[in-house]
Amino acid sequence: MLNIHNLKVKLANKDNEILSGVNLEIKENEIHAIMGRNGSGKSTLAQTIMGSTSYEVTSGDILFNGKSILALSPTEKSLQGIFLSFQHPSEIPGVSILGYLRMIYNKRAAKPLSPIAFKKYIQEKLDLLGIPKEFLNRYFNEGFSGGEKKRMEMLQMLVVEPKLAILDEVDSGLDVDSLKIVSKAVTYLHETTGMAVLLITHYTRILKYIEPDFVHIMDTGIISKTGDKNLAHKIEEVGYEELRS
Ligand code: ADP
Ligand code: MG
């Protein structure tokens, strides 16, 4: 599904190389975790997959379902089924959550839903995550706590049903209830639609809720080690420094 070949990335306005040849293959239904110390390039990888203008690909390629996506806009990538959960989502004042979710649903749906039909549809998602329906009347990210932003994003993910979800440090600063909501949403889509997951994290905490098939360690711009979930346990035991080869 996602194939990354020898990806080298630098800052768009400078010469610093941040990623120095990343290789990664994610197949349908697989859950991959990328771990690594702060500043190793994890977010740069996520942002580059989604197409942030802050970064420039200097060599290599990113393929999604066999085709290069380097030239596509973030919107086109999203319509193809790639979802990125932001570490710091922005506010969009004046748009209600209900209105926003219905808009992104109808943009993708073969048949748009009426406001009443959509309310019924979204109620099932709220029930699934255990979110009270009053939440829908709030404005998009306005004055949201970290946990509320994450609830919003997970509803968004359930509505767009991506083929690949990239979650960048979704666990940082989240309480256990919010972590459970994230894991419920991810597990639900993974199990019902075969959604693949790229879980980027510094800590092993979230891996107790979302169990990875593969764990990769990122170290100064490359994937230096790959293993199964036991590699995450090893990181917890001995730390990143000890695992450097
Ligand atoms: P991680 O997510 O693993 O903590 P990042 O991908 O955010 O790491 O950063 C990797 C390196 O690139 C760091 O040294 C960081 O300071 C640098 N970097 C990333 N994005 C930018 C940016 N927009 N401007 C300046 N430096 C950046
Ligand atoms: Mg980061």
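Starting from 1, each residue takes its place in the sequence as its number. Note that ligands are numbered from 1 as they come in the structure, with each ligand's atoms numbered from 1 the same way.
Residue Arg37 has at least one heavy-atom neighbour below 4.0 Å for each of these atoms of ligand 1: 3 (O). The ligand atoms of ligand 1 that sit less than 4.0 angstrom from a heavy atom of Ser43 are 1 (P), 2 (O), 6 (O), 7 (O). Contact atoms of ligand 1 toward Ile18: 10 (C), 11 (C), 12 (O), 18 (N), 19 (C) (distance under 4.0 Å to a heavy atom of the residue). Close approach of ligand 1 to Asn38 is summarised as follows: ligand atoms under 4.0 Å from at least one heavy atom of the residue are 4 (O).
Salt bridge absent: Lys234 and Glu237 never bring a charged side-chain N and a carboxylate O closer than 4.0 Å.
In summary, the side chains of Ser85 and Glu153 do present a donor paired with an acceptor at a separation below 3.5 Å, with no hydrogens or angles considered.
When side chains are defined from C-beta on, Lys163 does not count as touching Glu28, because their heavy atoms never get closer than 4.5 Å. Between Asn65 and Met1 the shortest side-chain heavy-atom distance falls below 4.5 Å. Side-chain contact between Tyr188 and Leu129: absent, with no pair of heavy atoms (C-beta onward) separated by less than 4.5 Å. Using a 4.5 Å heavy-atom threshold, the side chains of Lys67 and Gln80 count as separate.
For a distance bound of 2.8 Å, the N, O or S atoms of Thr44 include none lying that close to the Mg ion (ligand 2).
Between Tyr55 and ligand 1, an N or O atom pair is found at a separation short of 3.5 Å.
Neither the backbone nor the side chain of Asn16 has a heavy atom within less than 4.0 Å of ligand 1. If you look at His202 next to ligand 1, there are no close heavy atoms at all, none under 4.0 Å.
Compare Gly39, Gly41, Ser54, Gly36 by their heavy atoms: the one nearest to atom 13 (C) of ligand 1 is in Gly39.
Aromatic rings from Tyr100 and Tyr139 are positioned such that their centres are separated by 6.0 Å or more.
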